[in-house]
Amino acid sequence: MEWSVPGFSYIPNFLPSEEEKDLFQKASKGRWTKLANRRLQKIGGTVPDDGRPMIRTPFPEYLQKVKSKIEDFLQLEGQRKKFQIEIVEEMNHVLINEYLPGQGIMAHTDGPAYSSVVATISTGSGQILNIRKKQNKELLYSVYLEPGALSILHGRLYNELHEIEENLSDDISSVSNFSCLSCPPENDNFILPRQTRISFTFRNVRSTRSLPKSFLKSLNLTIT
Ligand SMILES: O=C(O)CCC(=O)C(=O)O
Ligand SMILES: [Fe+2]
């Protein structure tokens with residue numbers, strides 16, 4: 001059962017547990033870029049911050065299946081209606097973020113380079129994502145993102161802020177999607193310690209450019 005408000009949907013158990021674990025394992029072995037407070041991988045290219053098109057780089061094979069599954073899900077009529085989209089754009093970019101317990105991401109918006117339907121798969125651990133009003137930081141929603149879940153940020157919430165606080169555990173007693181959690185807490189134990197979470201944020205970069213096939217061939221790469 002999914003939880004939806006205008007601008008956000010939470011779909012628990014979007015991936016079966018084996019696929020979720022497999023994604024986590026495969027991404028763990030990828031080439032990480034170290035930031036001060038987390039690690040990340042950019043898949044599909046690097047989005048230039050001066051508005052130029054992104055030069056497309058190939059997707060690893062292991063992400064193809066989940067990419068198609070997300071695109072097929074968005075393609076469903078009911079979903080297109082909900083997200084107010086006619087055409088589902090290709091999810092041509094993925095940001096893979098790794099959060100160790102105590103790590104997070106500061107409040108931000110994703111910006112104008114992307115289409116405004118953002119699909120995130122969570123693996124490894126749950127974490128609370130807060131959505132706040134840009135104007136005054138008022139908390140709009142706290143959503144607990146469980147392993148295997150798909151969450152979609154879109155429309156009117158795309159331009160508000162989202163953040164993950166740098167905590168060692170999450171208190172899920174008052175999260176907005178409590179009634180739709182796939183693993184409701186046992187014995188009223190609402191404080192859930194974090195483990196390593198790896199998230200996969202699929203987006204459509206509006207403006208892209210492919211390198212000539214002959215050039216990619218010379219590098220032994222192909223764009224899929
Ligand atoms: O890890 C998440 O769920 C959020 C990631 C995010 O906001 C981003 O990459 O822009
Ligand atoms: Fe973001």
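Everything numeric in this text was worked out from a predicted model, so none of it was measured. Whatever order the structure lists them in is the order used to number ligands and atoms, beginning at 1.
Close approach of ligand 1 to L95 is summarised as follows: ligand atoms under 4.0 Å from at least one heavy atom of the residue are 9 (O). Distances below 4.0 Å separate heavy atoms of H162 from the following atoms of ligand 1: 7 (O). Set against the non-hydrogen atoms of T120, the atoms of ligand 1 under 4.0 Å away are 3 (O).
Annotation for S142 and N130: closest pair OG-OD1, 2.7 Å, computed over non-hydrogen atoms. Here the closest heavy-atom approach between residue G124 and residue Q195 is recorded as O-OE1, 4.2 Å.
Nearest protein heavy-atom neighbour of atom 9 (O) of ligand 1: N97 ND2, 3.0 Å. Looking only at protein heavy atoms, the nearest one to atom 4 (C) of ligand 1 is Y99 OH, 3.7 Å. Scanning the protein for heavy atoms near atom 8 (C) of ligand 1, the closest one is H108 NE2, 3.8 Å.
Ligand 1 has at least one atom lying under 4.0 Å from a heavy atom of R203. Ligand 1 is approached by R197 to a heavy-atom distance shorter than 4.0 Å.
For Q103 and N37, the side-chain atoms include no donor-acceptor pair closer than 3.5 Å.
For Q75, the CD atom counts as densely surrounded, since its 6.0 Å shell holds more than 12 non-hydrogen atoms of other residues, nucleotides or ligands.
With the Fe ion (ligand 2) as vertex, H108 NE2 and D110 OD1 subtend 90°, rounded to 10°.
Both L153 and Y99 sit in one connected hydrophobic cluster of ILVMFWY residues. Membership requires side-chain heavy atoms under 4.5 Å apart, directly or through other members.
A salt bridge does not link R38 to E98: none of the charged nitrogens lies less than 4.0 Å from a carboxylate oxygen. Electrostatic pairing of E165 and R194 does not count as a salt bridge here, judged by no charged N lying under 4.0 Å from a carboxylate O.
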